[in-house]
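The model shown is predicted, which means the values in this text are computed figures rather than measured ones.
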Amino acid sequence: MAGRTIVVTSGKGGVGKTTTVANLGTTLAKKKNSVVLIDTDIGLRNLDVVMGLENRIVYNLVDIIEGKCRKEQAMIRDRKLSNLCMIPAAQTREKNSITEEQMKELCSNLAEEFDYVIIDCPAGIEQGFKNAIAGADTALVVTTPEVSAIRDADRVIGLLEAALVRNINLIINRLNARMVKKGDMMSTEDIIALLSVPLLGVVPESEDVVVSTNRGVPLVHDRSSKAGAAFRGMAGRLDGESIPLDGDAGGLLGRMKRLIWN
């Protein structure tokens, strides 16, 4: 049976897509799944840095598409998990170096070999976005509790629906429970009411994210990190586990059980 192909997107840059891809992919691999991560942000790749693999790049996504290498040659194996690989983006090419059909074919081929194909989508809604979603059967839309990010997420959800991506779920990143309580930040309930898609999970605001990125070690390797625990919960739900949402952000989600991802 073919694996699942998941695109992580947002519309707005800087909301945590790449961190999400790295942590979900790492957790799914720790659960004994075979996982490949694809960075489709041609010209501005970052996934290799977050994974701590930037010094191992020889070939990239465009090289595979153009036939300059086999896909196995471009895959970089994770330092800790042999069943986790990454395909980096090209830094010196344009986003139109790849077509939607080429990306769809690559994802289809990878899904025959891996349990999960997870795509790191570039910011914006231009050709890079269209390429990234072309081969996906599931979309995870990442937003932060800011008006501009939520507006962009709403726009992206509409585009995903128009592209017939039916399985769309929401990830809320950098939620500050103290600010929510004071009324200075939108709550989980507010965001879900605006976007009207099922919630996969909530990541609390944490300095751990910056430390993790600088070290090139995904948060989920740190058992003491609350943000890491949130990503582990989301990966578990993706993998079919029944994990309550309540624990993701300090109990803010008690009223949202009807929107648990399934």
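Within the 4.5 Å cutoff, the side chain of Ile42 has heavy atoms near those of the Ile98 side chain. At a threshold of 4.5 Å between non-hydrogen side-chain atoms, the residues Thr40 and Pro122 count as touching. Between Leu110 and Met75, the closest side-chain pair of non-hydrogen atoms falls below 4.5 Å. Residues Met86 and Asp78 have side chains not in contact (no heavy-atom distance under 4.5 Å, counting atoms from C-beta outward). Contact annotation: the side chain of Leu61 approaches that of Ile38 to within less than 4.5 Å [non-hydrogen atoms, C-beta and beyond]. At a threshold of 4.5 Å between non-hydrogen side-chain atoms, the residues Thr26 and Phe231 do not count as touching.
Looking only at distances, a side-chain donor or acceptor of Asn23 sits under 3.5 Å from a matching main-chain atom of Thr19. Between the side chain of Asp137 and the backbone N or O of Thr5 there is at least one donor-acceptor pair closer than 3.5 Å. Here the side chain of Asp152 pairs no donor or acceptor atom with the backbone of Ser10 at under 3.5 angstrom. Under the 3.5 Å distance criterion, the side-chain polar atoms of Asn109 are left unmatched by any main-chain donor or acceptor of Leu106. In this structure a side-chain-to-backbone donor-acceptor pair under 3.5 Å is missing from Ser108 to Lys104. Arg4 places no side-chain N or O within donor-acceptor distance of the main-chain N or O of Thr138, the cut-off being under 3.5 Å. When atom types are taken as modelled, the side chain of Arg155 and the backbone of Ile125 share no donor-acceptor pair closer than 3.5 angstrom. Between the side chain of Asp39 and the main chain of Leu37, no donor-acceptor pair closer than 3.5 Å is present. When atom types are taken as modelled, the side chain of Asp184 and the backbone of Met179 share no donor-acceptor pair closer than 3.5 angstrom. A distance-only check finds a donor-acceptor pair linking the side chain of Arg237 to the backbone of Ile243 [under 3.5 Å].
Here OG1 of Thr9 is found 9.0 Å from CG of Leu159. Values are rounded to the nearest 0.5 Å.
Among residues two or more places apart in sequence or in another chain, the side-chain hydrogen bond (donor to acceptor under 3.5 Å, both in side chains) test is passed with Gln91 by Arg45.
Of all the heavy atoms in Glu113 and Lys71, the pair that sits closest is OE2-CE, 2.8 Å. Of all heavy-atom pairs spanning Asn60 and Ile87, the tightest one is C-CG2, 4.5 Å. Across all their heavy atoms, Asp41 and Ala89 have their closest contact at O-CB, 3.6 Å. Heavy atoms only, all atoms of each residue included: Pro88 and Tyr59 are closest at CG-O, 3.4 Å. When all heavy atoms of Asn83 and Ala29 are compared, the closest pair comes out as ND2-O, 2.8 Å. Here the closest non-hydrogen pair linking Lys30 and Val220 is CE-O, 4.4 Å.
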request  = Go through the steps for Asp154 and Leu194 under the test side-chain contact (heavy atoms from CB on, under 4.5 Å), then give the verdict.
outcome  = CA-CA 8 Å; Asp154 191 39; Leu194 288 169; over 6 Å; no
request  = Test Ser34 against Asp115 for side-chain hydrogen bond (donor to acceptor under 3.5 Å, both in side chains), laying out the working first.
outcome  = CA-CA 5 Å; Ser34 57; Asp115 297 316; 3.2 Å; yes
request  = Test Tyr116 against Leu24 for side-chain contact (heavy atoms from CB on, under 4.5 Å), laying out the working first.
outcome  = CA-CA 10 Å; Tyr116 288 93; Leu24 292 182; over 6 Å; no
task = Starting from the C-alpha separation in whole Å, work towards a yes-or-no answer on side-chain contact (heavy atoms from CB on, under 4.5 Å) for Leu140 and Met234.
result = CA-CA 11 Å; Leu140 305 181; Met234 286 187 279; over 6 Å; no
query = Where do Gln73 and Val58 land on the side-chain contact (heavy atoms from CB on, under 4.5 Å) test, with the steps shown first?
reply = CA-CA 8 Å; Gln73 290 177 288; Val58 177; over 6 Å; no
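Pairs passing the side-chain hydrogen bond (donor to acceptor under 3.5 Å, both in side chains) check and including a residue from residues 208-220, sequence neighbours excluded, read Ser206-Asp208, Asp208-Ser225.
With no hydrogens or angles considered, no side-chain donor-acceptor pair links Thr144 and Asn173 at under 3.5 Å. Looking at Gln127 and Asn131, their side chains do bring a donor and an acceptor atom within 3.5 Å of each other.
If you chain together hydrophobic residues whose side chains sit under 4.5 Å apart, Leu199 and Ile150 fall into the same group. Hydrophobic clustering (side-chain heavy atoms under 4.5 Å, transitive across Ile, Leu, Val, Met, Phe, Trp, Tyr) keeps Val217 apart from Leu28.
Heavy atoms of other residues, nucleotides or ligands lying less than 6.0 angstrom from CD of Glu207 number 12 at most. Around CD of Glu146, the count of heavy atoms belonging to other residues, nucleotides or ligands within 6.0 Å exceeds 12.
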